[in-house]
Amino acid sequence: MEQLVRRRYWWFAVSLVLILPGLYFLLLHPLVTTGRLGIGLHPSIDFSGGAFWELRFLEKAPPDVSTDAVARVFAEQGFENALVKLSPVEVEGKTIAGVLVRTAALSSIDPNSQIEAVTTALQTTFGPVSRERLESVGPTVSQESTRSAFIAVLGASLVILLYLTWAFRKAPHPVRYGVCAILAMVHDVVLVLGVASILGTFFGLEVDALFLTALLTILSFSVHDTIVVFDRIRENLINRRSSEVFDDIVNHSIVQTLPRSINTQLTTLFTLTALLLFGGESIRNFVAILLIGLIIGTYSSIFNAAQLLVVWEHREWQGWFGRRKPETETLVAE
C-alpha cells in the first residue's frame, strides 16, 4: 500500500490502455467504416430525431417474424431504411413476436394517416398487431436536446470546479484540487463515452436521455469519492510532521480512505447489479452504464485524481519531454 503514489504512472498507463480502444470507436471507427468524420455513438431519437415504434404480433411466434419482412412493410409505406430489432415478449405464459423499429419522423401535417397506414399493412402481413409505444421527435427538438445535454455537462463541471476551489480554500493551492477533480471527471467521461461507442458498435446501445442522466450521476459519484480523498489529504497536511513529504501524505490519505471508498461503492454496486439482472429491459442500458461508470469513477478517484496532485506538486511535466537541469548546474550558472 505504501507504493500507491510511487507507482502513479502505472495507474496512468492503465487508464490510457482503457481509453485508447474507446477513442478509436468514438472518433476513428466512423471514419474508417464510412469515410466520413463523425462520432461513434448511436443516438436515440431524443438526439437524432425520428420515430420509435414498439410493436407486438399477437398471433406470431418469434421465428415467424423477420426483421427484413417488417422493414419491407415500413418501406412500402414511405419509411425507407427502417431499423428493426426483434424483441420477443412473454404474455400470459406464451412467447410472442415483438419488434422495435426506428424510422424517420412522422409527418407534422397528418401523422395519424401514416400510423394507420403502417398498422393496416402490418396487420395484413402478420395478423393482429398491438402498438405498445410510439414516440416521435422532430429535428428541431433533437438539436435542442443535444445542445442542452452539452450545456448540462459543461455547467456541472464548471460549478464543481468553483465549489471545490472554494471548499479547499484553506489548503495550500486550493485551485489544484478543483482542477485535478475536473481532470478525473474528464477521464471518466471519455471512458464512459468510449465504452458506449463500443457497446453501440457491437450490441446496438443507443445514447438517449437516460444515458445523459447516467453520465451526470457518474460524475457526481466520482466527485463525491474524490472529495473524500482530498479532504483527508487536507487534514493530514494541516497535521503533518516536519519529516513528512507530500508524496507520503497523499499515499497515507489514500490508504486511510480506501476501505471507506470501496465499502461505499460496493453497496451501490450490489444494488445496480440486482437492477441489471432483474430490473427489466427498459432500464437495462441505463443501469449498465451506471455500473460501468461507478467502477471507473472509483478507480479515477483513488488512482488518478490524488496522483495528479503529486504530479502538480513536483511539476513533473517539466521532465516528460526532456531532462530537467540538475540543481548543481543551476547553482553554478547563478
Side-chain angles (χ1 to χ4, degrees), residues 18-19 21-23 25-27 29-30 38-52 54 83 85 100 102 105 133-164 181-226 265 268-269 271-273 275-276 279-301:
L18 294 175
I19 286 173
L23 284 180
F25 282 96
L26 186 64
L27 302 176
H29 187 67
I39 302 297
L41 297 172
H42 291 243
S44 71
I45 62 172
D46 296 338
F47 300 109
S48 63
F52 179 82
E54 183 178 355
L83 301 177
K85 179 182 177 182
L100 304 175
R102 281 277 305 276
R133 181 166 46 142
L134 175 56
E135 300 174 357
S136 182
V137 177
T140 302
V141 177
S142 66
Q143 291 173 7
E144 181 65 28
S145 299
T146 303
R147 185 164 51 252
S148 299
F150 177 77
I151 293 174
V153 175
L154 186 63
S157 301
L158 180 61
V159 171
I160 289 171
L161 173 62
L162 295 175
Y163 170 73
L164 287 181
I182 293 299
L183 290 176
M185 281 175 49
V186 171
H187 165 276
D188 298 344
V189 170
V190 172
L191 257 178
V192 171
L193 291 178
V195 170
S197 65
I198 293 173
L199 294 177
T201 301
F202 293 104
F203 301 103
L205 176 73
E206 291 188 338
V207 174
D208 55 10
L210 279 179
F211 177 86
L212 176 62
T213 304
L215 188 62
L216 292 174
T217 305
I218 289 166
L219 296 185
S220 67
F221 271 122
S222 176
V223 172
H224 172 269
D225 211 24
T226 300
Q265 304 298 4
T268 310
L269 186 70
T271 304
L272 290 177
T273 302
L275 282 174
L276 182 66
E281 184 70 28
S282 60
I283 63 170
R284 185 159 296 164
N285 291 342
F286 168 72
V287 175
I289 293 298
L290 268 182
L291 193 59
I292 294 168
L294 177 70
I295 297 171
I296 293 172
T298 303
Y299 177 87
S300 69
S301 298

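If you take CG on L210 and OG1 on T217, they are separated by 10.0 Å, rounding to the nearest 0.5 Å. Between L26 atom CG and T201 atom OG1 the span is 9.5 Å, to the nearest 0.5 Å. Here the CG atom belonging to L275 is positioned 9.0 Å from the CZ atom belonging to F286, to the nearest 0.5 angstrom. Once rounded to the nearest 0.5 Å, the distance linking CG of L191 with CD1 of I292 reads 10.0 Å. Atoms CD1 and CG, on I151 and L158 in that order, are 12.5 Å from each other to the nearest 0.5 Å. The CG atom of L219 sits 10.5 Å away from atom OG1 of T226, with the distance rounded to the nearest 0.5 Å.
Proximity of I218 to L294: side-chain heavy atoms (C-beta onward) are nowhere separated by under 4.5 Å. Looking at I289 and L215, their side chains never come closer than 4.5 Å, going by heavy atoms from C-beta outward. In this structure the side chain of V207 never reaches within 4.5 angstrom of the side chain of H42, judged on heavy atoms. The shortest distance between side-chain heavy atoms of I296 and H187 falls below 4.5 Å. Using a 4.5 Å heavy-atom threshold, the side chains of L100 and F52 count as touching. A 4.5 Å side-chain heavy-atom check between N285 and F203 finds every atom pair outside the cut-off. Contact of the L41 side chain with the L193 side chain is registered, since non-hydrogen atoms from C-beta on lie closer than 4.5 Å. Contact annotation: the side chain of M185 approaches that of S157 to within less than 4.5 Å [non-hydrogen atoms, C-beta and beyond].
Scanning both residues, S300 and D188, for their nearest heavy atoms gives OG-OD1, 2.9 Å. Considering every non-hydrogen atom in both G194 and S197, the closest pair reads O-OG, 2.6 Å.
At least one donor-acceptor pair closer than 3.5 Å links the side chain of S301 to the backbone N or O of S222.
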### Task
Tell me, with the steps shown, if T213 and L290 meet side chain to side chain contact (heavy atoms under 4.5 Å, CB included).
CA-CA 9 Å; T213 304; L290 268 182; over 6 Å; no
### Query
Can Y299 and L18 be said to form a side chain to side chain contact (heavy atoms under 4.5 Å, CB included), step by step?
CA-CA 12 Å; Y299 177 87; L18 294 175; 5.7 Å; no
### Task
Given side chain to side chain contact (heavy atoms under 4.5 Å, CB included), test L134 with E54 step by step and report yes or no.
CA-CA 6 Å; L134 175 56; E54 183 178 355; over 6 Å; no
